[in-house]
Amino acid sequence: MTNPDGPAPLILVCEHASAFIPASLEGLGLRDEDRLSHAAWDIGALAMATRLSELLDAPLVASRVSRLVYDCNRPPEAPDAIPAQSERIEAPANANLSEEARQARVRDIYEPFRALLSRTIAERRHLRPALITIHSFTPLYFGVKREVELGILHDRDDRLARTMMAAAPDFTTLKTALNEPYGPEDGVTHTLKEHALPADLLNVMIEVRNDFVRDEASAQKVAEELAAIIERGLEACDHPVRAEKIERKSG
């Protein structure tokens, strides 16, 4: 966890922050060139999320293992929580995984991640924190170019997504769209559904095309644009952005 004491009334999440595969899993049978591919993690997402944590002074909960080991943005019952194939990249060790081995990954990876995020939200319940998840996506999917460059995603609560969408043109030149290149029908909003919707917390999922965030400098630049979009979006929802605004409002 990064910036655990960050006082901002929002929580950042990066479910696909790492490409790390425990040695005991022997690389999942991946080819060397696939171990740092978009299938293994969200390229640039952790760099963006870390910079956002600094700019917004907010806590960041990030996964520490590859999503090919376990995708923390999927519930245990989802078939793609432990994928044997992601687009055209195969993870042979995930094929025909025993139920015991599957449950071990749920226990060792998903449940601690879920518990940490739940606890972080509970500790800030008095702030009614907005929940913002940070992701990246590949420019080509099954050989088809994706034209969208910044996706602002929502599930059934679209309040923050729509105010951020309205703010985006003022702060970025990235081609922006709602619920692109994925949407809730693709099963990508699990974290929002699990942690934000039941508590009626403002929430949004951000997706940035990874050719815009492949190095530290570009990831930080996009993060700075996102910080401005997030702040404007929260303000339009009448949600405080900084802790001091809460104090003034209640004082």
Side-chain angles (χ1 to χ4, degrees), residues 2-3 6-14 16 42-60 127-139 145-184 188-189 191-192 196-197 200-249:
T2 300
N3 195 11
L10 59 96
I11 295 168
L12 299 164
V13 185
C14 191
H16 306 149
D42 279 0
I43 296 164
L46 181 60
M48 285 191 291
T50 301
R51 181 60 177 148
L52 281 168
S53 176
E54 296 171 354
L55 291 168
L56 299 171
D57 204 5
L60 164 63
L127 300 177
R128 295 195 52 77
L131 189 68
I132 300 173
T133 70
I134 308 298
H135 297 258
S136 72
F137 63 95
T138 180
K145 183 179 180 181
R146 287 160 155 169
E147 298 298 332
V148 66
E149 297 165 347
L150 168 61
I152 300 177
L153 282 58
H154 64 82
D155 200 273
R156 66 176 183 268
D157 177 4
D158 65 355
R159 292 172 294 172
L160 182 53
R162 291 195 178 279
T163 57
M164 286 177 55
M165 186 70 190
D170 290 340
F171 301 105
T172 185
T173 59
L174 295 177
K175 185 182 294 184
T176 308
L178 279 174
N179 281 343
E180 293 288 345
Y182 310 106
V188 300
T189 55
T191 297
L192 306 184
L197 296 185
D200 193 31
L201 301 177
L202 286 171
N203 63 92
V204 72
M205 178 177 176
I206 297 172
E207 287 268 9
V208 179
R209 211 172 72 188
N210 69 28
D211 51 333
F212 288 94
V213 292
R214 283 188 172 272
D215 59 71
E216 191 75 19
S218 60
Q220 293 208 6
K221 175 182 180 295
V222 171
E224 288 161 8
E225 295 173 352
L226 290 175
I229 295 169
I230 290 167
E231 289 193 323
R232 177 75 64 81
L234 289 171
E235 288 169 352
C237 291
D238 197 28
H239 184 85
V241 180
R242 305 289 179 182
E244 60 267 21
K245 290 188 178 181
I246 293 177
E247 292 168 5
R248 286 201 299 269
K249 195 171 182 179

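Taking 4.5 Å as the limit, every side-chain heavy atom of N203 sits out of range of all side-chain heavy atoms of H154. Looking at M164 and I206, their side chains come closer than 4.5 Å, going by heavy atoms from C-beta outward. No side-chain heavy atom of R209 sits less than 4.5 Å from a side-chain heavy atom of V148. Within the 4.5 Å cutoff, no side-chain heavy atoms of D158 are placed close to those of N179. Looking at heavy atoms from C-beta onward, L60 lies in side-chain contact with L46 at the 4.5 angstrom threshold. The shortest distance between side-chain heavy atoms of R51 and V222 does not fall below 4.5 Å. The closest side-chain heavy-atom distance from D157 to D155 is not below 4.5 Å. Contact annotation: the side chain of L153 never approaches that of L192 to less than 4.5 Å [non-hydrogen atoms, C-beta and beyond].
Atom CD1 of I152 is separated from atom CE of M205 by 12.5 Å, given to the nearest 0.5 angstrom. In this structure, CD on Q220 lies 10.0 Å from CG on D215, to the nearest 0.5 angstrom. Considering CD1 of I230 and CG of L202, their distance stands at 12.0 Å, rounded to 0.5 Å. One distance of note links CG of L174 with CG of L226; it measures 8.0 Å at 0.5 Å rounding. Within the model, atoms CG of L150 and CZ of F137 stand 7.5 Å from one another, a figure rounded to the nearest 0.5 Å. In this structure, OG1 on T163 lies 10.0 Å from CD on E235, to the nearest 0.5 angstrom.
Taking every heavy atom of both residues into account, V213 and S136 meet most closely at CG2-CB, 4.5 Å. For the residue pair V188 and G183, the shortest heavy atom distance occurs at CG2-O, 3.4 Å. The minimum heavy-atom distance linking R159 with C237 is given by the pair O-SG, 3.7 Å. A pairwise comparison of heavy atoms in L10 and P59 identifies O-CD, 3.5 Å as the closest pair. Nearest heavy atom pair, residue A47 against residue E216, reads CB-OE1, 3.9 Å. Between E147 and K175, the shortest heavy-atom distance links the atoms O-CD, 3.5 Å.
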Original post:
Is there a side-chain contact (heavy atoms from CB on, under 4.5 Å) between E54 and N3 once you walk through the steps?
Top reply: CA-CA 8 Å; E54 296 171 354; N3 195 11; over 6 Å; no

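Between E224 and K221 no salt bridge is recorded (no basic side-chain N to carboxylate O distance below 4.0 Å).
No side-chain donor from either of N210 and D42 sits under 3.5 Å from a side-chain acceptor of the other.
R214 places no side-chain N or O within donor-acceptor distance of the main-chain N or O of I43, the cut-off being under 3.5 Å.
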